[in-house]
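Below: the structure, in structure tokens.
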Amino acid sequence: MEFSNSVKLARTDTGLEYFDVKSPLCQAKIFLQGAQITEFIPTGKNDLMWVSADEDYQEGKSVRGGIPICWPWFGVHDNADWPAHGFARKIVWRAEQVTETSDAVRISLSLPMMQVDRQFWPHESKLEVEFILGEQLEVRLTNTNLGQTPFSLTQALHTYFPTSDIKNTTVDGLQGAKYIEFGEGPFEQSDKVGFARETDMVYTQAAPVQCIHTPEGVIEVGRENSTSCVLWNPWIEKSKRLSNFQNEEYLGMLCLEAANVLEDTVTVEPGQSHTLVTTVCWR
Ligand SMILES: O=P(O)(O)OC[C@H]1O[C@H](O)[C@H](O)[C@@H](O)[C@@H]1O
């Protein structure tokens, strides 16, 4: 099915549907399952999204790479039987709109609330995501409260970035932020972050822009309506335990996730909306 000159709907061999975007400005893939973008290649540049070589694109499983949407909670829930990172990343979203102008292709999707288990999310609400695909990628995740009482949630745009060498990669722009690491802290980040061991840091009071310095160039990651972010690399031992992840792949990726977690938890009042935004580009 074709939506505009640059956008068509395609399907993997395993049956998962995705928007296949090939515009003058970029190439991208966005899966309906999880509303998950897995490829964003600005014309003439490298892919900004990393996906595991072991990924097998199965129904009901989040793709290991790109940008899984963690909603309406980030990480492990207090009720340990509930799915890690919420359930939005495993549901097939509804395609809402595709538009194309000379500066961007815009694709929006919504989470069909009919499919949501009310024990996990008993609130009257709307969740939409818009992808603005131009020379840079912008992702806008909007929660709207359609009920009579406020609700609170944590969430993240869990972006996987590529690097050819994690040991020669640093993240700049977190200096001065506070972080929790493996449940301990808060500590203050004093310098750029390098990688030499398992990294799983939840930052609060983080500046709105970070730069990832890789051997391939500098990736700029921006956030709006978010003062928290998560930096993750599983390193050797955890890599062996992860699904759809090769043992050595930790050497070629990292996650820097635009979030609303800890003290940055979002409360949405009746009739109000909140939009978490991340922007990603090669600098
Ligand atoms: O394997 P997943 O459920 O996709 O989670 C992958 C990772 O996500 C985040 O970055 C968390 O901070 C990590 O603790 C977790 O391992």
Side-chain angles (χ1 to χ4, degrees), residues 16 31 33-38 49-91 120 139 141 153-163 166 169 171 174 177-187 189 193 195 197-204 206 210 212 219 221 223 226-265 276 278 280:
L16 297 190
F31 282 80
Q33 178 170 287
Q36 187 167 351
I37 188 164
T38 58
M49 303 282 110
W50 178 89
V51 175
S52 170
D54 264 5
E55 180 51 48
D56 55 358
Y57 299 97
Q58 294 300 316
E59 199 183 312
K61 264 176 68 187
S62 167
V63 172
R64 177 68 70 192
I67 313 186
I69 296 178
C70 305
W71 184 94
W73 59 85
F74 175 81
V76 177
H77 196 274
D78 288 343
N79 183 341
D81 294 339
W82 291 17
H85 292 325
F87 48 84
R89 62 179 176 162
K90 295 179 182 168
I91 291 179
F120 294 147
V139 186
L141 183 68
L153 59 103
T154 57
Q155 57 185 359
L157 297 166
H158 190 307
T159 314
Y160 286 78
F161 291 104
T163 173
I166 192 67
T169 297
V171 179
L174 289 167
K178 302 272 186 297
Y179 65 89
I180 303 284
E181 187 182 23
F182 308 124
E184 309 239 322
F187 306 104
Q189 184 67 47
V193 190
F195 298 86
R197 61 184 173 87
E198 182 179 346
T199 302
D200 198 345
M201 286 146 155
V202 184
Y203 287 90
T204 55
Q210 279 71 43
I212 306 172
I219 301 171
V221 187
R223 304 182 331 279
S226 154
T227 56
S228 52
C229 61
V230 181
L231 188 63
W232 181 59
N233 181 288
W235 218 249
I236 300 167
E237 290 309 318
K238 191 164 181 177
S239 290
K240 295 178 190 162
R241 300 196 300 270
L242 288 174
S243 59
N244 286 5
F245 197 95
Q246 297 183 344
N247 290 353
E248 300 291 309
E249 282 188 316
Y250 73 93
L251 292 164
M253 55 67 69
L254 71 154
C255 290
L256 179 56
E257 312 161 26
N260 293 115
V261 291
L262 300 177
E263 67 212 49
D264 189 26
T265 294
L276 168 64
T278 192
V280 176

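Ligands are counted one by one from 1 in listed order, and the atoms in each one are counted from 1 as well. When a residue number appears, it is its place in the shown sequence, counting from 1.
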Check: Glu55 side chain, Asn244 main-chain N or O, donor-acceptor pair, under 3.5 Å
no
Among Gln189, Glu181, Glu257, whose side-chain hydrogen bond (donor to acceptor under 3.5 Å, both in side chains) with Tyr203 holds?
Gln189
Given the rule in the side-chain contact (heavy atoms from CB on, under 4.5 Å) test, do Val63 and Tyr57 qualify, once you have shown the distances and angles that lead to the verdict?
CA-CA 6 Å; Val63 172; Tyr57 299 97; 3.8 Å; yes
Considering only heavy atoms, which protein residues lie less than 4.0 Å from any atom of ligand 1?
Arg64, Phe74, His85, Arg89, His158, Asp200, Val230, Trp232, Lys238, Leu242, Glu257
Fit a plane to each ring of Phe120 and Phe87, take the angle between them on a 0 to 90° scale, and name the class: parallel (under 30°), tilted (30 to 60°) or perpendicular (over 60°).
parallel
Between the side chain of Arg64 and the main-chain N/O of Ser243, is any donor-acceptor distance below 3.5 Å?
yes
Parallel, tilted or perpendicular: which one describes the rings of Tyr160 and His158, with boundaries at 30° and 60°?
parallel
